Structures are given as C-alpha cells and as structure tokens.
Amino acid sequence: DRCEKGSVCAPTALGIAGRCLKSCDPKNANACGDSQRCVTIVSPAFREEVGSGCAATVQTGFPCSQAQACLPGSVCMAYASSSSGICRKTCTGQPDCKGQWCYSKASVQGKNVTGCAPFVNQPDLRCPNQTVCGEGLNCFGSVGSKRCLTNCKSKPCPSTHTCRETRDSRGNVNNKLCFRNVKAGEPCDSTTVCEKNHKCVLLASSPLWARCMKDCTTETKACSAQQICDSVNSSTKVCYQIVKENQRCGGELRCDKGLVCASTHPAGGPKHCQKPCQTDSDCSAPQTCQQLTGGSKPPKICAPGCSN
C-alpha cells in the first residue's frame, strides 16, 4: 500500500511495514505539532532520501526508528538492522559522556553519528547491542552470546584463558583474543574453549543449552562405561551419559539400550526413558501400555496410567 498525498512512508522498528507520516519542511521549526519532530526519511533498500515527515519523539535510552524521532540533543543509533535502534545522547568527545563511552556508529538514516553508550570494562561480560567494550577489550561472539574478550596480540592471556585467532567473513585473521577455558559438562558458547578432546555441542535451539562434551568421533572407547558414543551430526560423535528407565532424558542424556526417550504429555512436557510395549502385560504395575501420538510411527510405551 502507498501513503496518501501529503505524507511519506517511514520504516518502523519492526522493519516489516512502514508508517505514513505527515510530510514536512525541515527548515520550518513549526512544521509539526507538539511531541513531534520533522525528520529526514531514508529508504532502507536504496539508502536514498524519500522525503521528510513528522515523527513522534521518544526519550533518550528508548528504542527508536525513522518513524520515532529522538529528542534534540540525542540521536537514533542503529542496531545491526538499520531500521531500528536506540536514542543516545550526542557527543563530540569522551568528556561529554559521564560514565559512558563516546563512540561512532551509523544512525537509522545510514549517516555516521557519535553518541554516548554504556560500556563493559571487565572481560567475559556480555556486550549486547549498543554496549561498547572498554579499552583493551573486543566484543566478539555469535548472536546471543557476544562478550567482551581481552586482546592478546601484545600480552598473554591469564591461565584461565586461551589465546586464539579470530577471522573475518573472508577467513582472514583480524584479531587475537582470550577465550575462557571450560571443563567437561559446563556451559559453552562461541567465546569459550572446551578442555582437550572435548567439543561444544548445542543440545537445543537455545545457546544456553550448549555443553562441553567428550569427542569420540575417531575413538569410540573414549567414553566411560556409563556413557555411549552417539552422533551429533554427520561428522561428529560425542559421549552421552546413559540413564535408566523412568529417568529424565534428552540433551546430554541418552536412554539405556532398549528404552525410548518420550513424553506422555500431549503438549510434549519433560521426556523420560520408557520401556516399549505391545500390551499391558509387557509393563509392570501400575504402568500400562500407552500409544504415543505424533510422528509417522509413534511407539507404544509403558507409562503410569490415569486414576479417577
């Protein structure tokens, strides 16, 4: 859809659809009503000015877009997506930012601007959007797990960390940073290094479910008697902990031989290791043989029955 005559389409914070704003003349201080500012609108696709519109103003520190203008003295500094950002106090140098960092970044209109942003001055702390790492630190990691890592180009890492090269999108070395050492079974991400012969394995869709697990890709005997070597993907195998009947399963836990990891809850609640069956006689009381739902061939398992 197009905006009617006398208005301009401004990209919103969602970046999915625009918002029609009343057109205005930036040279006219009274072009817009109260709580509005006349701002330049730029096309995200072509980075070209498409006009000016009256946008509602938002306070410093709040989310903004081309359809929401920052108050005078602040600027909308873009996130990774250029259609949205956050209002930051403008600055020309570090003295303008008390307790914060004056840094340069693109605005939602694509222009280079400077603003005050919070900064992290300790290694291994998270550095989300619009947070700057302090001196000697670099924000590194995959989406959702970025942290401020110490630069080790000129000085060694502490014993708790390992110095590793980082590379750009073309594979060229662009830095050397200190990655925190992580032991077996502990959480890991793109800013950590698992102990020798272990890999960081993503056990669910969330990075919070990644764990350092022992690699058994080339040596299946690397696993203990209480573990089983199983595939993570087509090229990697790791040691999973074996659990018995009626115990929780999933993630880093695998059911013992002959058991099925399943949930009896229709909504798919916690999974447990259950014995497969054909009839009630295959199960121990008070369990009954129950048909699971979902999937092409859902199995029957022994599970506690409902009582009145």
Side-chain angles (χ1 to χ4, degrees), residues 124 140-147 149 161-162 164-171 177 179-278 282-283 287 289-304:
D124 299 325
F140 178 83
S142 57
V143 176
S145 63
K146 290 188 175 183
R147 297 179 185 273
L149 305 186
H161 291 66
T162 298
R164 283 193 167 182
E165 294 178 339
T166 61
R167 300 177 182 273
D168 59 23
S169 58
R170 296 182 178 180
L177 303 173
F179 290 74
R180 182 170 58 88
N181 300 328
V182 177
K183 295 181 180 180
E186 293 183 346
C188 54
D189 56 34
S190 58
T191 67
T192 61
V193 175
C194 290
E195 66 176 84
K196 188 178 180 180
N197 298 325
H198 286 68
K199 288 184 177 292
C200 188
V201 178
L202 185 63
L203 300 170
S205 58
S206 169
L208 298 176
W209 283 97
R211 294 287 186 273
C212 283
M213 301 178 69
K214 194 166 188 179
D215 187 0
C216 60
T217 305
T218 58
E219 182 53 69
T220 56
K221 293 182 179 180
C223 304
S224 69
Q226 292 75 41
Q227 295 178 321
I228 183 172
C229 185
D230 203 357
S231 298
V232 177
N233 51 47
S234 59
S235 61
T236 304
K237 292 183 177 181
V238 295
C239 298
Y240 291 87
Q241 190 69 30
I242 297 174
V243 288
K244 303 295 183 180
E245 187 176 359
N246 297 324
Q247 292 182 329
R248 286 282 295 269
C249 55
E252 66 266 47
L253 306 175
R254 287 287 189 270
C255 292
D256 203 356
K257 189 175 181 180
L259 299 177
V260 176
C261 185
S263 171
T264 57
H265 196 281
K271 293 184 177 182
H272 293 78
C273 293
Q274 308 286 3
K275 179 183 176 182
C277 60
Q278 292 299 320
D282 296 327
C283 306
Q287 291 184 331
C289 190
Q290 300 180 29
Q291 176 71 61
L292 294 178
T293 59
S296 57
K297 293 182 178 180
K300 290 182 177 181
I301 61 168
C302 294

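Predicted, not measured: the structure shown is a model, and the values here were computed from it. Count residues from 1 along the sequence.
The structure places NE2 of His161 at 8.5 Å from OG1 of Thr191, a figure rounded to the nearest 0.5 Å. Rounded to the nearest 0.5 angstrom, Gln290 CD and Leu292 CG are separated by 8.0 Å. Of the inter-residue distances, the one linking Glu219 atom CD with Lys214 atom NZ reads 9.5 Å to the nearest 0.5 angstrom. Within the model, atoms NZ of Lys275 and CD of Gln287 stand 8.5 Å from one another, a figure rounded to the nearest 0.5 Å. Note that OG of Ser142 is 6.5 Å distant from CG of Asp189, once rounded to the nearest 0.5 Å. With rounding to the nearest 0.5 Å, the separation of NZ in Lys237 from CG in Asp215 is 11.0 Å.
Cys pair Cys216/Cys239: SG-SG separation is not below 2.5 Å. A disulfide bridge does not connect Cys273 to Cys261: their SG atoms sit 2.5 Å or farther from one another. Between Cys277 and Cys289, the SG-SG separation falls below 2.5 Å. Under the 2.5 Å SG-SG cutoff, Cys255 and Cys249 do not qualify as a close cysteine pair. The SG atoms of Cys200 and Cys188 sit under 2.5 Å apart.
Looking at Glu195, its side chain does come within 3.5 Å of a backbone N or O of Ala184 through a donor-acceptor pair. Glu186 places no side-chain N or O within 3.5 Å of a backbone atom of Asn181 that could act as its donor or acceptor partner.
At least one side-chain heavy atom of Met213 sits less than 4.5 Å from a side-chain heavy atom of Leu203. The shortest side-chain heavy-atom distance between Gln241 and Gln226 falls under the 4.5 Å cut-off. Counting heavy atoms from C-beta on, the side chains of His272 and Asn246 never come closer than 4.5 Å. For the pair Leu149/Asp124, a side-chain contact is recorded, criterion being any heavy-atom separation below 4.5 Å from C-beta on. Counting only heavy atoms from C-beta outward, the side chains of Arg164 and Thr166 never approach each other to under 4.5 Å.
Using a 4.0 Å cut-off between charged nitrogen and carboxylate oxygen, Lys300 and Asp282 do not count as a salt-bridge pair.
Minimum heavy-atom separation, Thr217 to Ser235: CG2-O, 3.4 Å. Among all heavy-atom pairs drawn from Ile301 and Gln274, the shortest one is CD1-CG, 3.6 Å. Residues Tyr240 and Val232 come closest through the heavy atom pair OH-CG2, 3.6 Å. Minimum interatomic distance between Lys196 and His198 (heavy atoms only, all atoms of both residues): O-ND1, 2.9 Å.
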